[in-house]
There are 2 protein chains.
Amino acid sequence: MNKSDLKLISVLERTGGFASAQELHQILRREGDGIGLTTVYRALQSLVDDKIVDLLRRDDGEAIYRLCGDGHHHHLVCKGCGQTVEIEGGAIENWAKTMAEEFGFREVAHTAEIFGLCSKC
Amino acid sequence: MNKSDLKLISVLERTGGFASAQELHQILRREGDGIGLTTVYRALQSLVDDKIVDLLRRDDGEAIYRLCGDGHHHHLVCKGCGQTVEIEGGAIENWAKTMAEEFGFREVAHTAEIFGLCSKC
DNA sequence: TATGGAAATGATAATCATTTTCATTTGTGA
DNA sequence: TCACAAATGAAAATGATTATCATTTCCATA
Ligand SMILES: [Mn+2]
Ligand SMILES: [Mn+2]
Ligand SMILES: [Zn+2]
Ligand SMILES: [Zn+2]
């Protein structure tokens, strides 16, 4: 947890939703911080490893990051404005476990995200 | 549905699991087909639009494609060998709908995939 | 069958996010 | 202060995907 990591956490706190590495870099630059793009990627990687931020992918495959609450959860993301709600997996946690067992899979993980338009969009 | 689309469907039938555009291109080349990479991308794009193949993303963001069964379903994918089982969403379908309603989201879609190691791996 | 335009094709170049390299700077404990 | 490790960022490399554009293949109609 170094200086750059903290900068990224700070930006992510302010932006709220998901943002790409390039976008986060631009925001920091606009604010007068001369941080390099390389360092932004490094910091994000490190934060993902430490499970402090979540990584998922835009439709075009670009990685997007978001400061995350603790523990396992899922997301409800607005395709219009990017607003994101963290939600519990509820019934799908068992679904994933059951399906995996049924087909003899071990060491399973799962992803589940919901996309739509929020009430404002 | 043109000649190239059919070639891609044929390769996807033979490979079974998910494969990237680059991999599918290599397979066709190895079989003596001189099809261009551009055409492979175009055919895959068209098949995805027509919902004949499914597109998802590797961890590194690379797009992978698979010939799909009809209708809405999810996947159980082996991280070792790529073997893929198509499974029903079951509890997820209601979960997605309920969560979306609760937060006032419209026009919702969802993704849910399970990853693990199959019994052979 | 000939023909003119539309659709398909593929080589090549352009994009663009991400990763590598590597020289320089900064931080830190002895 | 000194030595050494960690952090930083400019620049180049990588690699998937997309855009161009000239050429070829189809196909309907005369
Ligand atoms: Mn989250
Ligand atoms: Mn499928
Ligand atoms: Zn919105
Ligand atoms: Zn396997």
Side-chain angles (χ1 to χ4, degrees), chain A residues 1-12 15 17-68 77 79 82 111 113, chain B residues 1-12 15 17-68 77 79 82 111 113:
Chain A
M1 180 69 65
N2 59 34
K3 203 179 298 181
S4 299
D5 291 355
L6 294 175
K7 284 181 187 174
L8 266 294
I9 289 178
S10 164
V11 190
L12 286 167
T15 60
F18 282 98
S20 72
Q22 308 275 351
E23 289 164 352
L24 294 167
H25 180 236
Q26 281 177 26
I27 293 173
L28 281 168
R29 280 295 176 91
R30 210 175 299 139
E31 294 175 352
D33 193 313
I35 190 172
L37 183 55
T38 309
T39 304
V40 169
Y41 274 105
R42 264 192 298 243
L44 288 171
Q45 186 60 58
S46 146
L47 293 170
V48 168
D49 290 344
D50 295 346
K51 300 185 197 307
I52 294 170
V53 314
D54 236 15
L55 180 169
L56 62 96
R57 304 246 165 217
R58 292 223 169 100
D59 280 346
D60 65 357
E62 187 176 358
I64 50 181
Y65 305 84
R66 180 178 196 271
L67 201 54
C68 252
V77 184
K79 285 183 287 195
T111 65
E113 312 290 336
Chain B
M1 182 69 65
N2 58 33
K3 205 178 297 183
S4 299
D5 291 354
L6 294 175
K7 284 181 187 174
L8 266 296
I9 290 178
S10 164
V11 191
L12 287 166
T15 59
F18 282 98
S20 71
Q22 309 274 350
E23 289 163 353
L24 294 168
H25 180 235
Q26 280 176 28
I27 293 173
L28 281 168
R29 280 295 178 94
R30 210 176 298 139
E31 295 176 352
D33 193 313
I35 190 171
L37 183 55
T38 309
T39 304
V40 169
Y41 274 105
R42 263 192 298 243
L44 288 171
Q45 184 60 59
S46 146
L47 292 171
V48 168
D49 290 345
D50 295 346
K51 300 187 197 307
I52 293 170
V53 314
D54 236 15
L55 180 168
L56 60 96
R57 304 249 164 215
R58 292 223 170 99
D59 279 346
D60 66 356
E62 187 176 359
I64 50 181
Y65 306 84
R66 180 177 197 271
L67 201 54
C68 252
V77 184
K79 285 183 288 196
T111 65
E113 312 289 336

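What you see below is based on every heavy atom in this structure, not just the backbone, and it leaves out hydrogens, waters and symmetry mates. Everything quoted here is computed from the prediction, not taken from an experiment. So that the names make sense, note that chain A is the first sequence line, chain B the second, and so on, each numbered from 1.
Counting non-hydrogen atoms under 4.0 angstrom, A/Gly34 reaches the backbone sugars and phosphates but no base. Residue contacts for A/Ser20: at a heavy-atom cut-off of 4.0 Å it reaches no nucleic acid atom on any strand shown.
Within the structure, every side-chain polar atom (N or O) of B/Asn2 is placed at least 4.0 Å from both OP1 and OP2 of D/dC26.
For the pair B/Leu37 CG and C/dT9 P, the computed distance is 14 Å after rounding to whole Å. To the nearest angstrom, P of C/dT9 lies 13 Å from CG of B/Leu44. Atom-to-atom, CG of B/Asp59 to C1' of C/dT19 comes out at 16 Å; the value is rounded to the nearest Å. The separation between A/Glu62 atom CD and C/dT15 atom C1' is 13 Å, rounded to whole Å. Atom C1' of nucleotide C/dT18 and atom CD of A/Gln45 are separated by 11 Å, given to the nearest angstrom. Atom CZ of A/Arg29 is separated from atom P of D/dG9 by 8 Å (rounded to the nearest Å). Per the geometry, CZ belonging to A/Arg57 stands 7 Å off P belonging to C/dT18, to the nearest Å. Straight-line distance from the CZ atom of A/Arg58 to the P atom of C/dC16: 14 Å, rounded to whole Å.
Taking the nucleotide of DNA chain C with the nearest heavy atom to each of B/Ile35 and B/Asp60, the more 5' of the two is matched to B/Ile35.
In this structure, B/Arg58 pairs ionically with B/Glu23, as a charged nitrogen and a carboxylate oxygen lie closer than 4.0 Å.
When all heavy atoms are compared, the tightest approach of B/Ser4 to B/Thr39 is OG-CG2, 3.1 Å.
Counting only distance, with no hydrogens or angles, the side chain of B/Arg57 and the backbone of A/Asp59 share a donor-acceptor pair below 3.5 Å. A side-chain donor-acceptor contact under 3.5 Å links A/Arg29 to the backbone of A/Ile35.
Distance check: A/Asp50 CG to A/Ser46 OG gives 5.0 Å after rounding to the nearest 0.5 Å.
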How would nucleotides 21-28 of chain C be written as a contact map, 5' to 3', with B for base contact, S for sugar-phosphate-only contact and - for no contact, using protein heavy atoms under 4.0 Å?
------S-
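Of the residues listed (A/Val48, A/Val11, A/Leu56), the one engaging A/Tyr65 in a side chain to side chain contact (heavy atoms under 4.5 Å, CB included) is A/Val48, and it is the only one.
Across D/dA16, D/dT8, D/dA10, the shortest atom-to-atom separation from the side chain of A/Thr39 is found for D/dT8. Distance from the side chain of A/Tyr41 is smallest to C/dT19 among C/dT9, D/dA16, C/dT19.
Side-chain contact between B/Met1 and B/Leu6: present, with at least one pair of heavy atoms (C-beta onward) separated by less than 4.5 Å.
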